[in-house]
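Let me begin by presenting the structure, written as structure tokens, before commenting on it.
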Amino acid sequence: LEAGEDLLGDRGAPEHVPSLTLAGIAALNTGGLAEAESYLRKAVFIAPQTLGARRLLVTTHLRMVKTDVALSEVRDLLKVSQDASTLALAGEAHLANGDVVGAALHYEQAKALAPKDAAVRTRLGLVRFAAGEPERAISELEAASTVDAKDYQADLALIANYLRKRDAD
């Protein structure tokens, strides 16, 4: 991250939004959540139309367990973008705030826009379990598993459900 800090210092481009976003990503990936938040807030302040930085800021706040802040930000973000990534992020923010119904609604909307996105379908399946809808959850997870053979998250969720069910019997 030191190279990123030099880039953003007095000799660099401290108001260059791509550099701020990149520094935010680096900080986020190395666990520097407060640092990531700082870089991304500045990027969003300078260029509020930059969707990538705004999504990353929401992700940062979710990792910081600032779930109410993340939910507020994602609601603002949905006013300008309702693509599958933003809708899935909204689902994550709603779930983090204990709103299973809101999470399911946003994941359903994301699935409608990106039906071949195994990650979205897997999350929707997990939300269906949380909502007490095991049949719909299993159906969604099975669909996610067939959409992308390399994405094993849905398979793991199905196996965990099978083991849990077997232990209960």
Side-chain angles (χ1 to χ4, degrees), residues 15-29 33-34 36-158:
E15 306 246 336
H16 187 246
V17 173
S19 296
L20 289 165
T21 304
L22 186 58
I25 291 169
L28 187 61
N29 287 333
L33 297 178
E37 179 185 32
S38 176
Y39 286 128
L40 294 167
R41 273 192 190 279
K42 187 169 184 180
V44 169
F45 178 77
I46 294 168
Q49 74 281 5
T50 309
L51 299 179
R54 290 178 72 178
R55 284 189 195 111
L56 286 166
L57 186 57
V58 172
T59 300
T60 301
H61 285 140
L62 286 169
R63 288 192 187 169
M64 295 174 87
V65 195
K66 293 184 176 182
T67 58
D68 54 337
V69 174
L71 186 58
S72 175
E73 289 169 344
V74 84
R75 284 181 176 148
D76 288 342
L77 186 55
L78 285 169
K79 293 175 186 172
V80 294
S81 175
Q82 292 203 356
D83 64 354
S85 295
T86 303
L87 289 163
L89 189 57
E92 188 175 346
H94 278 274
L95 189 59
N97 278 280
D99 179 9
V100 175
V101 173
L105 173 72
H106 286 94
Y107 281 126
E108 282 286 354
Q109 292 172 333
K111 180 182 98 170
L113 294 175
K116 295 189 184 283
D117 187 328
V120 167
R121 296 190 79 147
T122 299
R123 289 185 193 119
L124 177 58
L126 295 173
V127 166
R128 293 289 178 214
F129 273 127
E133 302 171 343
E135 294 83 17
R136 289 180 75 186
I138 291 169
S139 175
E140 200 60 60
L141 291 168
E142 287 172 345
S145 182
T146 61
V147 166
D148 184 354
K150 294 178 185 176
D151 189 328
Y152 57 86
Q153 296 300 318
D155 296 327
L156 291 176
L158 286 166

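- Note: Glu15 CD to Leu20 CG = 7.5 Å, rounded to the nearest 0.5 Å.
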| query | Does the side-chain contact (heavy atoms from CB on, under 4.5 Å) test come out yes or no for Leu95 and Arg123, once each step is laid out? | reply | CA-CA 10 Å; Leu95 189 59; Arg123 289 185 193 119; over 6 Å; no
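- Residue Arg128 is tested with Glu135, Glu140, Glu108 for a side-chain hydrogen bond (donor to acceptor under 3.5 Å, both in side chains); the sole match is Glu108.
- In terms of heavy atoms, Pro115 sits closest to Val147 at O-CG2, 4.0 Å.
- Separating the NZ atom in Lys116 from the CG atom in Leu113 is a distance of 14.5 Å, to the nearest 0.5 Å.
- Annotation for Ala114 and Ala84: closest pair CB-CB, 3.8 Å, computed over non-hydrogen atoms.
- Here salt bridge (charged side-chain N to carboxylate O under 4.0 Å, His left out) pairs that include residues 82-95, with residues two or more places apart or in two chains, are Arg55-Asp83.
- In this structure, CG on Leu87 lies 10.5 Å from OH on Tyr107, to the nearest 0.5 angstrom.
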| task | Walk me through it: do Gln82 and Gln109 pass the test side-chain contact (heavy atoms from CB on, under 4.5 Å)? | result | CA-CA 9 Å; Gln82 292 203 356; Gln109 292 172 333; 5.6 Å; no
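- Leu56 CG to Thr50 OG1: the interatomic distance, rounded to the nearest 0.5 Å, is 11.0 Å.
- Closest of all the heavy-atom pairs between Leu62 and Ala93 is CD2-CA, 3.9 Å.
- Taking each heavy atom of Glu73 and Leu57 in turn, the nearest pair found is OE2-CD2, 3.7 Å.
- Formation of a donor-acceptor pair under 3.5 Å by the Arg54 side chain with backbone atoms of Pro48 is found in this model.
- Contact detail for Ala110 and Val120: the closest heavy-atom pair is CB-CG1, 3.8 Å.
- When Val100, Val127, Asp99 are each tested for a side chain to side chain contact (heavy atoms under 4.5 Å, CB included) with His94, only one passes: Asp99.
- Rounded to the nearest 0.5 angstrom, His16 NE2 and Lys42 NZ are separated by 12.5 Å.
- Phe129 and Leu141 make their closest contact through CE1-CD1, 3.4 Å (heavy atoms, listed as atom of the first residue, atom of the second, distance).
- Judged by distance alone, with hydrogens and angles left aside, the side-chain atoms of Ser81 form no donor-acceptor pair with the main-chain N or O of Leu77 at under 3.5 Å.
- Taken from CG in Asp117 to OG in Ser85, the straight-line distance is 7.5 Å, to the nearest 0.5 Å.
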